[in-house]
Amino acid sequence: MPRKNSTDTKIYVLDTNILLHEPHAFLSFKEHDVVIPMTVLEELDYIKDSKKDVARDARVSIRAMEDLLHDATPEDMLAGVSMEGLGAGQTAPTGSLSIFADLNMVEAQQVFTSNENDNRIINVALHLQKTFAPQKVVLVTKDLNMRLKAKGAGLAHVEDYRTDQLITDIKYLSRGFHTFEGNFWESVKSVDSRTEGRDTIHTIPKSMLPEAYVNEFLLDETKQFAGLVEEITNDHLEILDLGYERLMGRHAWGITPKNIGQAMALHALLDPHIDMVILTGPAGSGKTLLALAAALEMVVERNMYDKIIVTRSTPEIAESIGFLPGTEEEKMLPWLAAITDSLEVLHKHDENTKGSMNYIMEKANIQYKSVNFMRGRSIQNAIVILDESQNLTASQLKTIITRCGEGTKLIVGGNLAQIDSNYLSAVTSGLTYLVEKFKDFSGSATINLDGVVRSRLASFAEENL
């Protein structure tokens with residue numbers, strides 16, 4: 001068991017969904033002790049053999065715990081095995097991991113007597129709270145209803161898993177651009193400008209924008225200036241002058257931007273030096289349409305890439321895809337209708353829209369793939385469009401990004417207001433994690449599209465419903 005009555009440390013009881021969200025979560029509690037109820041191991045065992053997408057995460061978590069506990073005796077596992085030496089840096093764990101045999105709890109120790117898994121886990125936390133008082137016992141779960149039940153049953157400390165949260169509120173998420181009040185040049189006290197080929201580079205003091213990051217767009221309220229942060233030194237920022245009108249004049253595959261957000265997105269999408277573009281924003285802001293138009297422009301017109309791979313994941317895909325008829329690509333079509341809809345929009349003025357779509361799909365070598373089958377691949381010289389990424393965890397996104405080999409550009413799109421996953425919120429979504437982690441990477445750019453351009457009906461719904 002954990003170190004008894006040590007008020008300097010806490011005891012964390014982990015729910016199953018924490019280990020599915022982050023398989024190595026038990027290593028994230030520093031000097032504190034971690035308790036895994038036997039019920040959690042039972043649930044992981046059931047999930048690891050299922051066809052659900054989280055089966056892999058269950059297996060990873062079980063393996064990680066087995067690596068720590070494989071030499072431990074049954075008594076050691078119940079008493080707690082030190083996690084020292086398993087991590088690095090200031091966050092390395094020094095507490096212990098123990099397994100609580102909740103299946104053997106006598107009825108007198110149980111608050112909930114029904115045999116539901118959630119109730120058995122809450123019983124463990126309540127029993128530990130009573131046994132180890134005044135030491136804090138914390139139940140960690142992403143299940144909101146379970147948190148309410150635990151508090152109602154008398155558990156003093158219940159938390160969500162927050163180790164993976166880089167921001168406290170979605171309003172602090174990087175938008176990919178900064179707007180200066182008034183005229184940009186009136187706020188510049190000193191500038192050094194130079195010309196490199198057809199480009200103009202301005203060097204301004206870093207004090208003007210201390211929190212700037214590479215590939216952040218700069219605008220002003222007068223709509224006279226548009227620039228891009230190209231390099232950051234200790235004292236200065238190097239700004240590429242894009243020109244507001246020139247930026248609005250960008251186009252791809254017959255599509256021109258309807259607002260400055262779309263113009264910035266098109267610039268980043270068409271830039272060969274940017275390996276990953278992250279597009280966030282509400283439904284109807286043009287994320288998928290812009291991504292597909294830019295991809296077709298670069299593959300068909302400019303011959304910069306060999307193919308377009310379109311993929312997305314929803315919670316149902318892993319369970320339902322096998323029951324649909326046809327090949328993998330035919331199975332994926334119902335979930336990737338947004339792409340085929342966008343393709344239809346791009347060719348709606350053609351004499352034979354369906355014929356044009358089929359020709360372009362063959363010419364651009366557009367492939368529909370499931371995220372579940374991306375593991376183990378190495379994708380070379382392609383454009384990968386990852387749609388609906390708000391439903392993915394950080395570890396799932398890592399799996400996809402690490403598939404991208406030389407010459408591959410990744411376009412990640414998502415709407416943080418439409419999360420379907422039971423255990424993700426806007427601040428814990430892998431998309432949020434990606435935006436914050438990659439904002440200082442010179443090979444990526446983030447654009448938040450904040451205007452709904454689909455229709456006046458969609459715009460009114462987004463604002464008022």
Side-chain angles (χ1 to χ4, degrees), residues 1-41 44 57-58 60-72 76-100 102 121-122 124-143 146-147 150-151 155-169 172 393-395 398 423-425 427-430 432-433 436-437:
M1 292 297 292
R3 297 183 288 263
K4 190 172 177 67
N5 297 336
S6 172
T7 52
D8 296 331
T9 61
K10 301 175 188 175
I11 300 170
Y12 286 95
V13 180
L14 303 192
D15 187 15
T16 313
N17 52 54
I18 302 300
L19 296 171
L20 296 177
H21 178 77
E22 171 52 64
H24 294 95
F26 63 91
L27 298 173
S28 302
F29 294 91
K30 301 181 182 177
E31 73 274 15
H32 307 293
D33 297 322
V34 177
V35 174
I36 306 290
M38 195 69 76
T39 297
V40 169
L41 295 181
L44 289 175
D57 296 316
V60 170
S61 188
I62 291 167
R63 264 190 236 106
M65 286 188 280
E66 203 277 333
D67 287 343
L68 173 63
L69 302 172
H70 71 283
D71 288 331
D76 292 337
M77 288 175 65
L78 296 175
V81 176
S82 173
M83 293 185 282
E84 253 184 293
L86 290 184
Q90 295 181 342
T91 58
T94 56
S96 66
L97 174 70
S98 60
I99 307 297
F100 190 98
D102 58 293
I121 295 168
I122 294 171
V124 170
L126 289 167
H127 174 68
L128 292 174
Q129 178 178 261
K130 185 178 179 181
T131 307
F132 289 93
Q135 188 173 10
K136 280 186 181 178
V137 174
V138 184
L139 173 64
V140 187
T141 178
K142 288 195 161 293
D143 188 332
M146 189 174 175
R147 295 205 293 267
K151 281 188 178 179
L155 192 63
H157 305 285
V158 185
E159 294 179 3
D160 190 1
Y161 181 67
R162 301 190 181 277
T163 308
D164 59 343
Q165 291 187 20
L166 300 179
I167 55 173
T168 54
D169 195 300
Y172 300 122
T393 65
S395 61
K398 180 181 178 181
Y423 302 119
L424 289 178
S425 65
V427 291
T428 60
S429 166
T432 299
Y433 195 80
E436 287 301 304
K437 277 288 185 183

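This chain uses plain numbering: 1 for the first residue, then up along the sequence.
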Here the gap from D143 atom CG to I18 atom CD1, rounded to the nearest 0.5 Å, amounts to 9.5 Å

S61 meets the side chain to side chain donor-acceptor pair (under 3.5 Å) criterion, sequence neighbours left out, with none

- Query: Has the side chain of H127 got a donor or acceptor atom that lies under 3.5 Å from a matching backbone atom of V124?
  - Reply: no

d(K437 NZ, K398 NZ) to nearest 0.5 Å is 10.5 Å

- Check the pair L44, L20 against side-chain contact (heavy atoms from CB on, under 4.5 Å), reporting the backbone distance first and the verdict last. CA-CA 8 Å; L44 289 175; L20 296 177; 3.8 Å; yes

Examine distances only and state if a side-chain atom of D102 and a backbone atom of P37 form a donor-acceptor pair shorter than 3.5 Å. no

Checklist entry - Less than 4.5 Å apart, any side-chain heavy atom of V13 and any of F100? => result no

Of all heavy-atom pairs linking A79 and S98, the shortest is C-CB, 4.3 Å

From the list M146, R147, Q129, H157, side-chain contact (heavy atoms from CB on, under 4.5 Å) with L139 holds only for M146

Minimal heavy-atom distance between F26 and M83, with the atoms involved, is O-SD, 3.5 Å

One should read off an interatomic distance between M65 CE and H70 NE2, to the nearest 0.5 angstrom, of 15.0 Å

>> Please evaluate residues K142 and D15 with respect to the criterion side-chain contact (heavy atoms from CB on, under 4.5 Å), reporting the C-alpha separation (whole Å), side-chain torsions for both, the decisive distance (0.1 Å), and the verdict.
In response: CA-CA 8 Å; K142 288 195 161 293; D15 187 15; over 6 Å; no

In this structure, NZ of K130 is separated from CG of L155 (nearest 0.5 Å) by 14.0 Å

A150 and V158 have their tightest heavy-atom pair at CB-CG2, 3.9 Å

Sequence neighbours excluded, the answer for side chain to side chain contact (heavy atoms under 4.5 Å, CB included) partners of A72 is D76, M77, V81

Value for CG (L19) from CG (L41), rounded to nearest 0.5 Å, stands at 8.5 Å

Tested for side chain to side chain donor-acceptor pair (under 3.5 Å) against T141, the lone hit among N17, T16, D160 is N17

Note: S82 and L68 closest approach over all heavy atoms is O-CD1, 3.5 Å

Q: Look at the rings of F29 and Y161 and say which category their plane angle falls in: under 30° parallel, 30 to 60° tilted, over 60° perpendicular.
A: tilted

Does S96 offer a backbone N or O that forms a donor-acceptor pair with the side chain of D33 under 3.5 Å? yes

Query raised in the report: Using a distance-only test with no angle check, is there a side-chain donor-acceptor pair under 3.5 angstrom linking E22 and T393?
Result: no

Exactly one candidate in H32, E31, Q135 meets side chain to side chain donor-acceptor pair (under 3.5 Å) with T9; the answer is Q135

(Q) Between V40 and L14, does the side-chain contact (heavy atoms from CB on, under 4.5 Å) criterion hold? Intermediate values first, please. (A) CA-CA 8 Å; V40 169; L14 303 192; over 6 Å; no

